[in-house]
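The structure appears below as structure tokens.
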2 protein chains.
Amino acid sequence: MANDPGPRRHSDRSSGAVTLQQVATRAGVSIATASRALHGGHGRVVNEELRTRVLAAAAELNYVSNAPAQALARARTSVVGLMVHDVADPYFGAIATGVMRAAAEYDLMVMLTASFREQQLELDYLVRLRNQRARAIVLAGSGFTDGEFTERLAERLAGFVEDGGRVACVGDHGVATDTVALDNRGGAEQAVAHLWELGHRRIGVIAGPLGLVTVRDRLDGVRRALERRGAPLPAERVVEADFTRAGGRAAALALLARQPELTAVFALNDGMAAGALAALRDELGLAVPGRVSVVGFDDLPYAADLHPALTTVRLPLEKAGVRALELIVDDRDARGTRRIVELESELTVRSSTGPAPAP
Amino acid sequence: MANDPGPRRHSDRSSGAVTLQQVATRAGVSIATASRALHGGHGRVVNEELRTRVLAAAAELNYVSNAPAQALARARTSVVGLMVHDVADPYFGAIATGVMRAAAEYDLMVMLTASFREQQLELDYLVRLRNQRARAIVLAGSGFTDGEFTERLAERLAGFVEDGGRVACVGDHGVATDTVALDNRGGAEQAVAHLWELGHRRIGVIAGPLGLVTVRDRLDGVRRALERRGAPLPAERVVEADFTRAGGRAAALALLARQPELTAVFALNDGMAAGALAALRDELGLAVPGRVSVVGFDDLPYAADLHPALTTVRLPLEKAGVRALELIVDDRDARGTRRIVELESELTVRSSTGPAPAP
DNA sequence: CTGTTAGCGCTTTCAC
DNA sequence: GTGAAAGCGCTAACAG
């Protein structure tokens, strides 16, 4: 039946997958026609009957096209890279979900990379994504303020862009790409305003690692809000902590030992707030919000289930993921212009904040 | 300099990326040698000097190899697919983290797909992953018990395997692949045993959607444990709920309205337990664990922060992700034998459970 | 509308 | 140890 595949040099390597050629042969058409029938060849229309035959052959053979081969021929893939710190971290999980939803919408596959806050790993993954010829990268990575790191990050991204890739950051990463900006500063200001209105004047801050952009911006917001009210934040009222529950716990303990006069604690993320809450309640026996009010940041899903329910700043993380992907897909705007989508924070008041106790 | 790229038919499509040919030319060697120098050509050793020259040229040109092209030539990629319901769900987030950690270890890239519990989407992604020529798939998807779905799932996976792919499931998906088995049944039994020992005899169950394998197994564990103690679970003591906080809240309300004599509630996941806790405490005013004890399942990170801290069954989710990836990588065992790694559950007792109140 | 054919970038024989 | 060349599976000119 003239179905001789011919001599094969690399024969053994064949993964056994059905090829377009086989489909074409079976349908009795040329490979070009098969391609056009299956993947809609660039304006070209295929005769209805041939088309049907090709589709039937493909179905019978259980043909699935070879994306790497298509990528090679078309010089473009349909995969986008997503860089996060850790998907298990609800913050990044939410962003990732947004990206996934949008990707499904636009028919893109997403290649996930997690840096676990290791700078080298993050850098390496970036070239790995370039290697994969990802069409774009959504960078929601670690976010270090470290200048040298930022520089190398920029280099890597530049290389990626040179190859024709697009990049969108979620949050500030110190690189001049399209970005979905999260209003960390503004959110922090809102939180402070809220506490201030409740009469709090002695506010402590549990900051995360100062090397993270997010922390820097949130802390900055606190400072600004306080300065504007004529009560600049003293250095002793800020503790740097690990960005975790345990970090928050330890920091709360340290902070209140040092500054027992505090009436409010602002933890710069919900994880630390949860730890602080537990420390205050179980170890220090301080009523929240009776004796000290607590505010968190992020409004993770469990914030309402903390005890007491946590007042916190809500960040539209999932939406940020969606927007980032959209920035990447949407090529309308001229390349070369940096696009920035600003997303707003919103204070969610629950039960962990109340009037400052009378002096 | 004889660097004429020659006539190009597809010229405009070139993404501008540097190619191996360019590196070879610059290093003054053949493309074959460049390939071997860069990617260690199959036993072949390259002269040290040439090797150095190639590496230098590659560095100068900022060369990054083209994975799709390599995939085509080698007939294999270094990507594995990961199917989850939703990464923002802590359960899947934990599994995903495990997979990511292991993938980094083995130098694999992971392509993430999220079905959001839509059967068709899950099925489609499976062919998409085949299309990408993923080398393997870690299936931690929705987990429907639905027979027809399972069948189609099996079909799709079979196709994937035919092409030479490997598959590992996390949890039972009704398909006979290598799997990392989670002890849902055993965990549920432990929870019941715990309650029983505390004197609870009237236990209500807040089940998730009965169409999910996980739910079925956990419920089954409850039934078995109770039967073994001569107190079979009456149908009225089980409510099917959405697998969420809201679902748990509603179910708790319904359950206690119907069966006020219950002294314990077992929610088949932590999210529902959180909702139940809130409903019991805030809406029904029933003391936990004084009047009714509550047990959850999964031991998500926030379980200890619920109020009261939740007694729950811990599942080694991250480890499950790691193991699944290992099953895929580890080809020692003969193909054809189904391998099953059993992971144990462990009850974590906290403050939401206590002695049953005196009758 | 269909078929032929030249690549896409890389790996791997096969000869030297 | 090195190079030439034949593909890998597919797309897109180009010619009919």
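- One can place CD1 of A:I31 at 13 Å from P of D:dA12, the figure rounded to the nearest angstrom.
- Whole-Å rounding puts the A:L50 CG to C:dC1 P distance at 11 Å.
- Rounded to whole Å, atom P of C:dC10 lies 5 Å from atom CG of B:N66.
- Contact annotation: B:S35 side-chain N/O to C:dT11 OP1/OP2 distance is under 4.0 Å.
- No more than 12 heavy-atom neighbours from other residues, nucleotides or ligands sit within 6.0 angstrom of CD on A:E105.
- The 12-atom threshold is not exceeded at CZ of A:R76, counting heavy atoms of other residues, nucleotides or ligands nearer than 6.0 Å.
- Not a single donor-acceptor pair under 3.5 Å links the side chain of B:Q119 to the backbone N or O of B:F149.
- Between A:H39 and A:Y63, the ring-plane angle classifies as tilted under the 30° and 60° cut-offs.
- Nearer the 5' end of DNA chain D, as judged by each residue's closest nucleotide, is the contact made by B:V29, out of B:V29 and B:A69.
- Heavy-atom contacts from other residues, nucleotides or ligands closer than 6.0 Å to CD of A:E148 number 12 or fewer.
- Interface remark: the B:R36 side chain does form a donor-acceptor pair with the D:dG3 base, using a distance-only criterion of under 3.5 Å.
- Atom-to-atom, CG of B:L38 to C1' of C:dG9 comes out at 13 Å; the value is rounded to the nearest Å.
- Within the 4.0 Å cut-off from OP1 or OP2 of D:dG9, not a single side-chain nitrogen or oxygen of A:T19 is found.
- Between A:H85 and A:F116, the ring-plane angle classifies as perpendicular under the 30° and 60° cut-offs.
- Within the structure, a side-chain polar atom (N or O) of A:Q70 is placed less than 4.0 Å from OP1 or OP2 of D:dT11.
- Comparing the local axis fitted to the first five base pairs of the helix from C:dC1-D:dG16 to C:dC16-D:dG1 with the one fitted to its last five gives a bend of 40°, rounded to 10°.
- Regarding contacts with the backbone of C:dT2, every side-chain N or O of A:T33 stays at 4.0 angstrom or more from both OP1 and OP2.
- For the atom pair OG of A:S65 and CZ of B:R128, the computed distance is 9.0 Å after rounding to the nearest 0.5 Å.
- In summary, A:R53 and A:E49 engage in a salt bridge, as defined by a charged side-chain N under 4.0 Å from a carboxylate O.
- Rounded to a whole Å, the CD atom of B:Q132 is 14 Å from the C1' atom of D:dG9.
- For B:S65, counting side-chain heavy atoms from C-beta on, the closest listed nucleotide (D:dC10, C:dC10, D:dG9) is C:dC10.
- Among the candidates A:E162, A:E155, A:R130, the single residue satisfying the side chain to side chain donor-acceptor pair (under 3.5 Å) test with B:N62 is A:R130.
- Residues of residues 54-63 of chain B having a heavy atom closer than 4.0 Å to DNA chain C, listed by number: B:Y63.
- The CD atom of A:Q70 lies 6.0 Å from the CG atom of B:N131; values are rounded to the nearest 0.5 Å.
- In this structure, CD of B:Q21 is placed 13 Å from C1' of C:dC8, rounded to the nearest angstrom.
- What separates CZ of A:R76 from C1' of C:dG7 is a distance of 19 Å, to the nearest Å.
- Rounded to whole Å, the distance from CZ on B:R133 to C1' on D:dC8 is 11 Å.
- Of the candidates D:dC8, C:dC8, C:dG3, D:dC8 carries the atom nearest the B:A73 side chain, counting heavy atoms from C-beta on.
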